[in-house]
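Report on one structure; see the data block that follows.
Every chain is numbered from 1 and lettered A, B, ... according to where its sequence line falls, protein lines coming before strand lines.
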Amino acid sequence: MPEVRDRYAPSPTGALHLGGARTALFNYLFARQQRGQFLLRIEDTDRVRFKEGSQALIEEGLQWLGLSWDEPPIVQSTRKPIYQQAAEGLLASGAAYRCFCTPERLNEMRADQRARKEPERYDRRCRAIPPEEAQRRADAGERFVIRQAIPLDGTTTLHDLVMGTVTFQNASLDDHVLLKSDGYPTYHLAFAVDDHESRISHVIRGDGWLPSAPKHLLLFEAFHWDAPAFAHLPLVLGADKKPLAKRHGAKDVLEYREAGYLPEAVVNFIAFLGWSPGTTEDILTMDQLIEQFRSDKIQSSPAIANLERLDWLNGQFIRRLAPDELARRIAEGMPGVSVDALIPLIPLIQERLRTLNEAHEMLQFFFEDPTSYAGKPLVPKGRDAVQTVDALARVRSAISPLTEWTVGVLEPVLRSTAEQIGWPAKDLFMTLRVAITGRTVTPPLIESMGRLGKARVLERLTRAAAAVDPTSA
RNA sequence: GGCCCGUUCGUCUAGUUGGCCUAGGACGCUGCCCUCUCAAGGCAGAAAUCAGCGGUUCGAAUCCGCUACGGGCUACCA
């Protein structure tokens with residue numbers, strides 16, 4: 001059996017969005033599972049849409065997701081002569097021809113076709129030019145493109161791994177351009193030449209290419225090359241049901257990294273966009289995905305990316321992380337805070353996080369004193385300032401003699417203090433929470449006090465007491 | 001207009017060799033439990049007449065046809 005080799009072939013016109021990432025992931029999973037190779041190719045033959053820096057961004061996105069490629073990427077713009085040579089071969093065999101039609105004539109032709117409600121297609125005028133004459137005009141410096149000479153009749157059948165068998169009438173196919181007048185190939189030519197040269201066995205790409213797949217099959221035939229197998233992937237849509245690829249707001253995968261998402265979660269999320277293992281499992285690691293991936297389980301209908309699910313998945317993966325690993329990842333986003341300082345705090349927040357970034361705010365009070373209690377309910381409902389200051393003082397004197405500073409000794413002391421002053425423990429805890437953290441929503445209070453240490457707790461209690469507004473009822 | 005593809009809870013999906021589907025799971029949502037706040041976790045629940053119609057069949061989400069709707073392509077873009 002021939003070796004499996006596939007590839008992700010983005011054009012560097014922007015960053016890597018979720019849809020592109022999914023195409024890359026499916027190629028990667030398939031290649032890894034088949035013990036084959038996964039390649040990267042940069043399709044930069046469109047010099048107009050080309051964006052500087054895009055390739056680096058795409059590569060960084062892929063690396064972040066853990067999709068490593070096995071050979072240095074082919075960059076198409078560096079291979080112009082190779083495509084030209086291939087096109088000339090086609091010219092010689094009659095599978096392609098030179099076209100001298102100007103853009104103006106093409107526009108007029110299409111306008112006419114539209115007016116007559118005919119299919120808009122190249123009318124093949126130049127296909128009738130004798131090759132010698134075409135050669136002469138080319139030699140004389142006339143601008144031309146090279147078009148594929150599609151068979152006038154018959155059918156072409158594609159056996160797609162996802163879409164099944166699709167048959168096209170050759171008569172409905174256009175003589176599309178293979179080589180542009182600037183000497184660059186179009187996608188079609190470059191694709192065939194490169195995939196052949198790279199010995200690609202499986203082409204897994206977006207289903208936008210499905211309509212041109214028969215032309216690609218015909219091209220391979222014209223070259224007398226074996227065609228690869230095809231799998232066309234349905235679109236990934238945004239919440240607005242518009243294809244991600246077409247939206248201006250399509251997010252770069254690296255933005256998910258900035259927002260505190262784990263690459264494991266993003267991978268899991270996009271894997272299930274149009275694919276499922278056929279079981280009820282929904283949290284899979286990359287290794288499990290590799291093992292379970294099957295191209296025939298790919299959905300043939302488009303999928304809408306439901307970001308709420310990504311949030312949930314992210315929380316799941318965060319909870320599965322080893323505590324020191326979680327600390328490491330959180331520290332990356334918290335300049336000035338060491339991994340070691342974070343490790344003891346992890347148990348307090350690990351099961352509360354949905355994104356890494358939430359840890360920053362959740363943990364802030366460990367690293368800086370509350371700056372203000374304005375607007376915070378230091379005084380419980382039904383109590384007044386005097387009672388609150390008194391409660392704070394009672395807690396202070398109850399805990400300051402403590403020689404052992406653990407949850408086990410703190411909790412009973414705090415509860416009995418609440419009882420002594422006649423407050424429900426809930427109320428006392430909230431007052432303490434606000435006093436010590438400056439917040440109403442925090443990790444568990446007593447554990448937090450334990451980690452903060454006695455000195456800092458006592459100090460904050462004093463400051464809070466001083467901040468209680470005496471005019472509050 | 002032409003050529004293709006698609007259509008199961010709001011969303012991701014299971015279902016693919018027709019009966020085990022009075023359609024299963026997950027996210028989200030609602031309620032309850034747990035509880036020092038918030039989460040997490042546990043339990044329960046609402047939610048798809050399987051796009052519609054017509055066939056085939058003892059029996060169809062699963063097979064066939066038509067219709068509707070959605071989408072892609074229709075560039076010297078990829």
> Base, backbone or nothing for each nucleotide of nucleotides 2-14 of chain B, written B, S, -, heavy atoms under 4.0 angstrom, 5' to 3'?
Replying inline: --SSSS---BSSS

> Base, backbone or nothing for each nucleotide of nucleotides 32-52 of chain B, written B, S, -, heavy atoms under 4.0 angstrom, 5' to 3'?
Replying inline: ----BBBBSS-----------

> Across all strands, who's sitting opposite B/G6 as a Watson-Crick or G-U wobble pair, both distances under 3.5 Å?
Replying inline: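 With both distances under 3.5 Å, B/G6 matches B/C69.
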
>> Return the pairing partner of B/C20 with a 3.5 Å limit on both distances, Watson-Crick or G-U wobble; otherwise return none.
In response: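 Its partner is none (no Watson-Crick or G-U wobble pair with both distances under 3.5 Å).
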
For the backbone of [Y] and the side chain of [X], can you confirm whether one donor and one acceptor N or O come within less than 3.5 Å of each other?
X	Y	result
A/Asp207	A/Leu210	no
A/Thr186	A/Val177	yes
A/Ser276	A/Gly278	yes
A/Gln350	A/Ile318	yes

> Within 45° of the ring axis of A/Phe230 and under 6.0 Å from its six-membered ring centre, is that where the NZ or CZ of A/Arg205 lies?
Replying inline: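 Negative - A/Arg205 is either too far from the ring of A/Phe230 or too far off its axis.
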
>> Suppose the criterion is salt bridge (Lys or Arg N to Asp or Glu O under 4.0 Å): which pairs have a residue in residues 409-427 of chain A, not counting sequence neighbours?
In response: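 Those involving residues 409-427 of chain A are A/Glu411-A/Arg415.
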
Report which part of the nucleic acid [X] touches: base, sugar-phosphate, or nothing (heavy-atom distance under 4.0 Å, all strands).
X	answer
A/Arg439	nothing
A/Ser212	nothing
A/Glu120	base
A/Pro10	nothing
A/Arg114	nothing

Could [X] and [Y] be called an ion pair, given the rule that one side-chain N must be under 4.0 Å from one carboxylate O?
X	Y	value
A/Asp174	A/Arg147	no
A/Asp195	A/Arg7	yes
A/Arg127	A/Asp175	yes
A/Glu197	A/Arg79	yes
A/Arg383	A/Asp390	no
A/Glu361	A/Arg439	yes
A/Arg329	A/Glu264	yes
A/Glu43	A/Arg41	yes

>> Angle between ring planes, A/Phe191 versus A/His216, binned at 30° and 60°: parallel, tilted or perpendicular?
In response: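 Tilted.
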
>> For A/Phe26 and A/Phe293, take the angle between the two ring planes, folded into 0 to 90°, and tell me which bin it lands in: parallel under 30, tilted 30 to 60, perpendicular over 60.
In response: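 Because their plane-to-plane angle lies in the 30° to 60° range, the rings of A/Phe26 and A/Phe293 count as tilted.
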
Find the distance [X]:[atom1] to [N]:[atom2] and express it as a whole number of Å.
X	N	atom1	atom2	value
A/Leu189	B/A78	CG	C1'	14 Å
A/Leu284	B/A26	CG	P	15 Å
A/Lys242	B/G71	NZ	C1'	9 Å

Using atom [atom1] in both nucleotides, what's the gap between [N] and [M] to the nearest angstrom?
N	M	atom1	result
B/A75	B/A60	C1'	45 Å
B/G45	B/C50	P	23 Å
B/C43	B/C34	P	15 Å
B/U57	B/C21	P	26 Å
B/C32	B/G25	P	23 Å
B/G52	B/U11	P	15 Å
B/A78	B/U62	P	41 Å
B/A48	B/G41	P	26 Å

> Regarding A/Asn314 and A/Thr355, is there a side-chain donor-to-acceptor distance under 3.5 Å anywhere?
Replying inline: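 Absent: no donor and acceptor within the cut-off.
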
Using a cut-off of under 3.5 Å, enumerate the N/O to N/O pairs linking the protein to nucleotides 18-20 of chain B.
none

> In residues 175-186 of chain A, which ones come under 4.0 Å of RNA chain B, going by heavy atoms?
Replying inline: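 Correct list: A/Val177, A/Lys180, A/Ser181, A/Pro185, A/Thr186.
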
>> Using 0.5 Å steps for rounding, measure from the CG atom of A/Asn268 to the CG atom of A/Leu262.
In response: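 The distance works out to 11.0 Å.
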
>> On RNA chain B, does the nearest nucleotide to A/Leu235 precede the nearest nucleotide to A/His188 from the 5' side, or the other way round? Give the residue.
In response: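 By nearest-heavy-atom nucleotide position, the 5'-most residue is A/Leu235.
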
Give me the distances for all protein-to-nucleotides 66-68 of chain B N/O pairs that come in under 3.5 Å?
none

